[in-house]
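Atoms within each ligand, like the ligands themselves, are counted from 1 in listed order. What you are looking at is a predicted structure, and each value in this text was computed from that prediction instead of being measured.
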Amino acid sequence: MSGAQGLEPEPSKKRILVIEDEPDIIRGLRDALEFEGFEVEARGTGAEGLVAAMEWAPDCVLLDLMLPDDNGYRVCENLRKTDETVPIIMLTAKAQESDKVRGLEAGADDYVTKPFSVAELIARINAIFRRQNRMGSHQDETFNIGAWVINARKHTMTKGRATQRLTFYELEVLKLLRERSEETVSRDELLEKVWGMQPSTTSRTVDNFIVKLRRKLEEDQKNPRHILTVYGLGYKLVP
Ligand code: CA
């Protein structure tokens, strides 16, 4: 292949937008992600990051919580206004559970806490793309949970005239639970299959996510009828 061809854009490469202001972290991420075969763009402020997200249409966003011009939660909310489905992984120095919940509320899908392992981050990103590829082979898939109709292609859930959007991870959690309807799916399995994470007894990611999903799905969140907790084991979907 000639040098000129090498400059052609490669549409098959997954694009990862890094919104982060620390040069060392950007350098480390760029090297590792490019080595994995991803295309990488980095922006150092929330405002620049939002513009890049709109113009470049990344397949995944890595978003620092502490940016010089804005906090990551607000940037995340603004990202979600223009792209409701792109997976957003927050890079955070904070490990407080309340911060994680706040990030999920803002529309983030996952977290890594600094200092993080790049290998672990890449495993999570690869898990996203593996599941996205799988989804590509079931483009028309719809299924019911209670009165809601979930449309996997459109990332929507519809009941009568009410429509809500589902983020990538929300949909993936529902799909995995639905594949195993009426069976208990453990937190570890959800973490591993959806987030690409090593099973961890300390992670509350799954539980926080289920709270969020119930808010969308359940008429009475305190007495859920569809996403049931199996104490000490995991969750079970009763469609
Ligand atoms: Ca920062």
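- Residue Glu219 places its CD atom among 12 or fewer non-hydrogen atoms of other residues, nucleotides or ligands, all under 6.0 Å distant.
- Figure legend: cation-pi geometry between Lys212 and Phe209, with NZ or CZ positioned under 6.0 Å from the six-membered ring centre and within 45° of its axis.
- If you check the side chains of Glu48 and Thr45, you find a donor sitting under 3.5 Å from an acceptor.
- Within 6.0 Å of CZ in Arg215 there are more than 12 heavy atoms belonging to other residues, nucleotides or ligands.
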Donor-acceptor contacts, no H, no angles, side chain residues 31-38, under 3.5 Å, sequence neighbours left out:
{"from": "Glu34", "atom 1": "OE2", "to": "Arg30", "atom 2": "NH1", "distance (Å)": "3.4"}

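- Less than 3.0 Å away from the Ca ion (ligand 1), the protein contributes these N/O/S atoms: Asp21 OD1, Asp64 OD2, Met66 O.
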Next on the checklist: Checking Glu22 against Lys114 for the salt bridge (charged side-chain N to carboxylate O under 4.0 Å, His left out) test, could you report, in this order, the C-alpha distance in whole Å, the side-chain angles of both residues, the deciding distance, and whether it holds?
Outcome noted: CA-CA 12 Å; Glu22 289 163 61; Lys114 294 176 182 175; 3.0 Å; yes
